[in-house]
Each structure stands twice: as structure tokens, then as C-alpha cells.
Number of protein chains: 2
Amino acid sequence: MRLSTRSRYGVRLMLELALNYGRGNIDLKEVAKNEDISLKYLSQIVIPLRQARLVISQRGSRGGYTLSRRPEEVSLKDIVQVLEGDLALVECVRDGSSCRRASICVTQEIWAKLSRVIDDTLMTVTLADLVSRYNEKNCPAQTYDI
Amino acid sequence: MRLSTRSRYGVRLMLELALNYGRGNIDLKEVAKNEDISLKYLSQIVIPLRQARLVISQRGSRGGYTLSRRPEEVSLKDIVQVLEGDLALVECVRDGSSCRRASICVTQEIWAKLSRVIDDTLMTVTLADLVSRYNEKNCPAQTYDI
DNA sequence: TACTAAAACTACTAAAATAGTAGTAATTAA
DNA sequence: TTAATTACTACTATTTTAGTAGTTTTAGTA
């Protein structure tokens, strides 16, 4: 039960865009460098994010990506959902008819619950939250020694 | 982010043992038939459960498996933990040194939280709970038409 | 207009994980 | 002694993961 690099890199990509929200296009080269992720791989990962309209792209020179919504309005669930595809934790939760034991199965109920708990957790965390955490962690309150 | 059949089958195996708790050895053939799972595959899955002392085995004719503890005392976390191996949701949560960005990374904190939420959810569900659900679902209160 | 930097698209690939199967050996109750 | 059962070892096909590689399109700018 592993979270793919795809999802994790995708979240970090989106975090970079959130950190630069309001500053125009950010190109993937920059993100790849900051986050230490293969540029080519990133350029694959961003495609579904664009298709899902979580980011807006601009091609050509000085092109790049921007968030299509404010960081407060993008949850990690939005991102992970797009990048994990339609994969559910367990197939029978998404599609009851995929298992003929569904009607008598009690474990299905548990996996459904677990799916909900995961979704709820991811839904309550937004990019804005990550930005706050980032600032706390990497930009501690500055003291000026004069 | 998928739960393996290994874990899911393992839980169903344990549920079968819980349903038959107190009735002596249950052999895998029976479980395989009831749960519609390959006998050979089940016999692989049960090995780590035995090694983790969640079940006790008896070899030979009339052999089989029994729960080593009462159903109330076995949570789904116990089972899934054993069957997923030491795989964490995300490697860096289990082992901070696995990623050199750990000290500056804020997504790690989120994955750690998600891991905890998953663990907590699985920890609160015991085999006894599954047995209750099973009885409710498959043995509705009987009415006698005389 | 030509150049350059960027996204977009298409195809391929090595490695690992998943979900099993197959066959044999050891054990034990009857 | 036999039959039933667990235990052990090895193998395998398929899918997923985590990328790489190369080309094409687009758009700003000198």
C-alpha cells in the first residue's frame, strides 16, 4: 500500500507553483531543479494536472505553468485523485459489481471506510497549508543582528 | 495506492478463523472454498501470519489453523501490517534518512499524518467487529412461520 | 524573420511488485 | 500404513512503476 512517486512528485510540483502563486509562469526546469526531480518525468506528471484544469500552461518562450485556483482552493485530494487515476484502494469499493461476493462481504465495508478516511484526510489539507508549513520550516522568523 | 490481494485475502482468512473460533482447527481447504480463494495462494499468505504468531498451525491429518488470540484482540492493523511487510505508505516516513530532502520537506509531514490516520482506522477494527457485521449481514434475525 | 526556450506528444524500457502456480517434503490422526 | 494436511522451495506471467529519449508545436524576443 504505497503512494506512488507520481503522486508525491505531483504534490511537490503543485507546492512549487503555490509558493510562486501570483508571480506568473513557472517553468518545469525551475521546479525540477528546486525539487530535484527529473524534468522529463515531471513533464509527464503535469499533463494530467493540466487536463484536470488544476494548472494552466503556457507554451513557448517564457512559458510555464500556473495554478488555476488559489492555493487555499486546491486540496491534496484533488491532486492525488488525478495522479492515481481511477485506482481505488480496493476495486470493489469503486465498483460493487466487480466482485460477486460483494453482497455478503463484510471486509468491503471496512475498505470503503478506510478509503473515506484517506479521502477526508487529504481533503482537509490544501496547498495553502503546505505553503504555511514550508514558510515555518524554511524561513524561520528573521532576527536582525545590527 | 492499492491494497494488495495479499492483505485482503489475509483478512478474509482471519475472518474465517474468527467465525470458527473455539471450534478447533480449520483447514485452509475449507477457507479457500468458503472465500473462493486459491488454496495454494492462501497457503502462502498464512505463513507470515503464523510467523507473527497471529495464528497457530497444526500439521498432519485433521490439522489446520486457529487464532492464537480471541477475535476481540486482533485488529486489522495487526493483519495488514504483517502482510504488507515493512512497506510504508512512503519510504521517508519509515526512514527519514532515505531522503536527503527530509529536513526541508513539508510533504513528508503530510504523508506521516496520512499513515497515522490509516493505522488508527485499522487499529480500531477487530476481527470481533467483522464477525458481528458478518452475523448481521448474513444471518438476519430469524422469524419462524409456524 | 530567425532564434530560442518552453510545453506537448509519442514511443520505448528496465526493474520491481503482484498474483499467482507447481511440485515435493514433513507431519500426524485414524 | 494411509490419507490429509501444513511447510518449503522454486518458478512464472502480467502489470505497475519510474523513468528515458526523441520529435513537434508554440510563442516571446532580438
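Residue numbers start from 1 in every chain, and the chains themselves are labelled A, B, ... in the order their sequence lines are given, proteins ahead of strands. Since the model is a prediction, treat every value here as computed from it, not as a measurement.
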- Can you tell me the pairing partner of dT29(D) across any strand shown, Watson-Crick or G-U wobble, with both distances under 3.5 angstrom? dA2(C)
- Message: Is it the case that the side chain of N34(A) and the backbone of V31(A) share a donor-acceptor pair, with hydrogens and angles ignored and the cut-off at 3.5 Å?
- Response: no
- Complementary nucleotide of dT23(D), counting Watson-Crick and G-U pairs under 3.5 Å: dA8(C)
- Message: Output one letter per nucleotide in nucleotides 9-15 of chain C: B when a protein non-hydrogen atom lies under 4.0 Å from the base, S when only the sugar-phosphate is that close, - when neither is.
- Response: SBB----
- Task: Check L130(B) against V106(A) and note the closest heavy-atom contact, atom names and distance.
- Result: O-CG2, 3.9 Å
- Scanning both residues in full, the closest heavy-atom pair of K137(A) with S103(B) reads CE-O, 3.0 Å
- Going by an N to O cut-off under 4.0 Å, is there a salt bridge joining E35(B) and R101(A)? yes
- Message: By nearest heavy atom, map R2(A) and G64(A) onto DNA chain C; which one lands nearer the 5' end?
- Response: G64(A)
- Task: Would you kindly give the OH-to-P distance between Y41(B) and dT18(C), to the nearest whole Å?
- Result: 9 Å
- Task: Respond yes when some side-chain nitrogen or oxygen of Y65(A) is under 4.0 Å from OP1 or OP2 of dA8(C), and no when none is.
- Result: yes
- Is any side-chain nitrogen or oxygen of S38(B) closer than 4.0 Å to OP1 or OP2 of dG20(C)? no
- Whole-Å distance separating the CG atom of L83(B) from the P atom of dG20(C): 14 Å
- Query: Under 4.0 Å: is that the gap between some side-chain N or O of Y9(A) and OP1 or OP2 of dG19(D)?
  - Reply: yes
- Task: Rounded to the nearest angstrom, tell me the gap between atom CD1 in I37(B) and atom C1' in dA19(C).
- Result: 12 Å
- Query: Taking only side-chain nitrogens and oxygens of S61(B), does any of them come within less than 4.0 Å of OP1 or OP2 of dT2(D)?
  - Reply: no
- Item | Between P of dT20(D) and CD1 of I45(A), the distance in whole Å | 11 Å
- Task: Identify the heavy atoms of C92(B) and Q108(B) that sit nearest to each other, and give their distance.
- Result: O-NE2, 2.9 Å
- Query: Does any N or O in the side chain of S68(A) come within less than 3.5 Å of the main-chain N or O of R53(A), such that one atom is a donor and the other an acceptor?
  - Reply: yes
- Note on the structure: From CZ of R12(B) across to C1' of dA19(C) the rounded distance in Å is 14 Å
- Answer yes or no: is there a donor N or O on one side and an acceptor on the other, between the side chain of R69(A) and the main chain of V74(A), under 3.5 Å? no
- In whole Å, what is the span from the CZ atom of R6(A) to the C1' atom of dT16(D)? 11 Å
- Note on the structure: Rounded to whole Å, CG of D27(B) lies from C1' of dT6(D) at a distance of 10 Å
- Separation of dA8(C) atom P from N25(A) atom CG, nearest Å, is 11 Å
